[in-house]
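Since this is a predicted model, take the numbers as computed values, not measurements. Atom set for the values below is all heavy atoms of this structure, side chains included, hydrogens, waters and symmetry mates excluded.
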Amino acid sequence: MTQKRGFIHLYCGDGKGKTTAAMGLCMRAAGAGLQVVVVQFLKNGDSSELSILSAHKNVTVLAGKGGDKFTCRMTDAEKAAARTIHDKNLDAALAMPCDLLLLDEAAAACRLGLVDEKKVKALCQNKPPRLELVLTGRNPPDFMVQAADYITEMRCVRHPYQQGIGARKGIEF
């Protein structure tokens with residue numbers, strides 16, 4: 001099943017829920033029979049929603065960053081290794097036929113130089129007409145904002161992290 005026209009969705013902001021909203025859209029698309037490809041940047045691929053999505057016959061998940069460190073704690077060699085993984089996953093995703101492509105944390109990966117920003121920008125500017133493209137991340141580059149048909153900004157008003165409560169499996173990841 002293919003859509004007549006695909007749009008670009010951007011989930012951004014400093015609040016919780018960007019990836020959750022994008023993954024929910026992926027589930028909806030897969031449930032409707034659409035082919036879905038998920039590329040997760042800056043994450044190691046152990047988010048709980050990936051176990052459900054990757055089990056679906058219409059979903060392909062490409063994830064991994066090469067280590068468990070936050071990018072601010074990575075050495076230059078670790079960042080180069082992460083970039084290699086991210087570029088490889090992006091290239092693989094772009095070669096797969098799909099109806100919906102999610103580039104999770106694409107905004108941060110581009111901003112940090114951990115993915116080929118020129119390829120992401122070219123995809124946003126020259127997206128296949130029927131492809132539904134979903135991008136997430138804080139502080140998206142201007143080209144993402146300009147290309148997006150939908151922009152949803154998540155704003156943090158209050159979060160348990162502010163009281164020292166860490167991320168909980170099944171809720172935050």
Side-chain angles (χ1 to χ4, degrees), residues 1-65 85-86 88-110 115 119-141 143-161 167-173:
M1 176 193 288
T2 58
Q3 301 295 314
K4 291 181 180 179
R5 178 177 176 207
F7 293 96
I8 298 176
H9 306 245
L10 176 59
Y11 295 101
C12 58
D14 67 354
K16 177 184 176 327
K18 297 176 287 292
T19 296
T20 303
M23 294 294 179
L25 184 56
C26 290
M27 271 199 247
R28 176 180 286 156
L34 301 179
Q35 293 297 313
V36 176
V37 175
V38 174
V39 179
Q40 237 185 8
F41 302 114
L42 308 178
K43 297 177 180 175
N44 61 12
D46 70 352
S47 295
S48 299
E49 64 273 12
L50 293 181
S51 64
I52 296 293
L53 278 173
S54 61
H56 196 285
K57 65 180 178 161
N58 292 5
V59 180
T60 301
V61 175
L62 303 167
K65 69 171 184 171
I85 291 168
H86 293 158
K88 178 183 165 198
N89 287 343
L90 178 61
D91 288 342
L94 294 175
M96 293 178 190
C98 67
D99 301 298
L100 186 150
L101 173 60
L102 165 58
L103 301 181
D104 186 36
E105 295 295 349
C110 285
V115 70
K119 283 186 184 175
V120 177
K121 184 175 183 177
L123 176 62
C124 289
Q125 294 173 339
N126 303 298
K127 179 187 72 58
R130 293 177 185 243
L131 177 67
E132 205 77 21
L133 177 61
V134 183
L135 308 160
T136 70
R138 294 173 182 239
N139 304 316
F143 73 84
M144 287 183 187
V145 173
Q146 291 168 5
D149 299 293
Y150 296 86
I151 299 177
T152 302
E153 183 176 359
M154 311 311 198
R155 185 174 64 90
C156 183
V157 175
R158 183 178 301 129
H159 195 292
Y161 181 78
R168 299 166 298 147
K169 186 170 182 75
I171 304 300
E172 281 87 22
F173 69 96

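One finds the CE atom of Met27 at 7.5 Å from the CD atom of Glu49 (value rounded to the nearest 0.5 Å). Separating the CD1 atom in Ile52 from the SG atom in Cys26 is a distance of 14.0 Å, to the nearest 0.5 Å. Here the CZ atom belonging to Phe41 is positioned 9.5 Å from the CG atom belonging to Leu62, to the nearest 0.5 angstrom. Taking CD1 of Ile151 as the start and SG of Cys12 as the end, the distance is 6.5 Å to the nearest 0.5 Å. Leu133 CG to Met144 CE: the interatomic distance, rounded to the nearest 0.5 Å, is 8.5 Å. The distance from atom CG of Asp104 to atom OG1 of Thr20, rounded to the nearest 0.5 Å, is 9.0 Å.
Using a 30° and 60° split on the angle between ring planes, Tyr11 and His9 fall in the parallel class, below 30°.
Across all their heavy atoms, Val37 and Cys98 have their closest contact at CG2-CB, 3.7 Å. The two residues Asp91 and Lys119 have their closest heavy-atom pair at OD1-NZ, 2.5 Å. Looking at every heavy atom in both residues, Asp14 comes nearest to Arg155 through OD1-CA, 3.5 Å. The two atoms that bring Arg5 and Glu132 nearest to each other are O-OE1, 3.9 Å, heavy atoms only. Taking both residues in full, the closest heavy atoms of Val59 and Leu53 are given as CB-O, 3.2 Å, listed atom of the first, atom of the second, then distance. Here the closest heavy-atom approach between residue Met154 and residue Ala21 is recorded as CE-CB, 3.8 Å.
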* Using the side-chain contact (heavy atoms from CB on, under 4.5 Å) rule, take Glu105 and Thr19 through it: C-alpha gap first, then chi angles, then the decisive distance, then the call. => CA-CA 8 Å; Glu105 295 295 349; Thr19 296; 4.2 Å; yes
* Check the pair Lys43, Leu50 against side-chain contact (heavy atoms from CB on, under 4.5 Å), reporting the backbone distance first and the verdict last. => CA-CA 11 Å; Lys43 297 177 180 175; Leu50 293 181; over 6 Å; no
* Full working for side-chain contact (heavy atoms from CB on, under 4.5 Å) between Leu102 and Met23 -> CA-CA 8 Å; Leu102 165 58; Met23 294 294 179; 3.9 Å; yes
* Working for side-chain contact (heavy atoms from CB on, under 4.5 Å), residues Leu103 and Leu90 -> CA-CA 8 Å; Leu103 301 181; Leu90 178 61; 4.0 Å; yes
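Taking the side chain as every heavy atom from C-beta outward, Leu123 and Pro128 approach each other to under 4.5 Å. When side chains are defined from C-beta on, His86 counts as touching Leu42, because their heavy atoms get closer than 4.5 Å. In this structure the side chain of Asn58 never reaches within 4.5 angstrom of the side chain of Val36, judged on heavy atoms. Looking at heavy atoms from C-beta onward, Leu94 lies in side-chain contact with Leu101 at the 4.5 angstrom threshold.
Of the options Pro140, Cys110, Pro141, Cys124, a side chain to side chain contact (heavy atoms under 4.5 Å, CB included) to Leu135 is made by Cys124 and by none of the others.
Under a cut-off of 6.0 angstrom, the local environment of NZ in Lys57 is sparse, with at most 12 non-hydrogen atoms contributed by other residues, nucleotides or ligands. Within a 6.0 Å radius of NZ in Lys127, more than 12 heavy atoms belonging to other residues, nucleotides or ligands are found. Under a cut-off of 6.0 angstrom, the local environment of CZ in Phe7 is crowded, with over 12 non-hydrogen atoms contributed by other residues, nucleotides or ligands.
No donor-acceptor pair closer than 3.5 Å links the side chain of Lys169 to the backbone N or O of Ser48.
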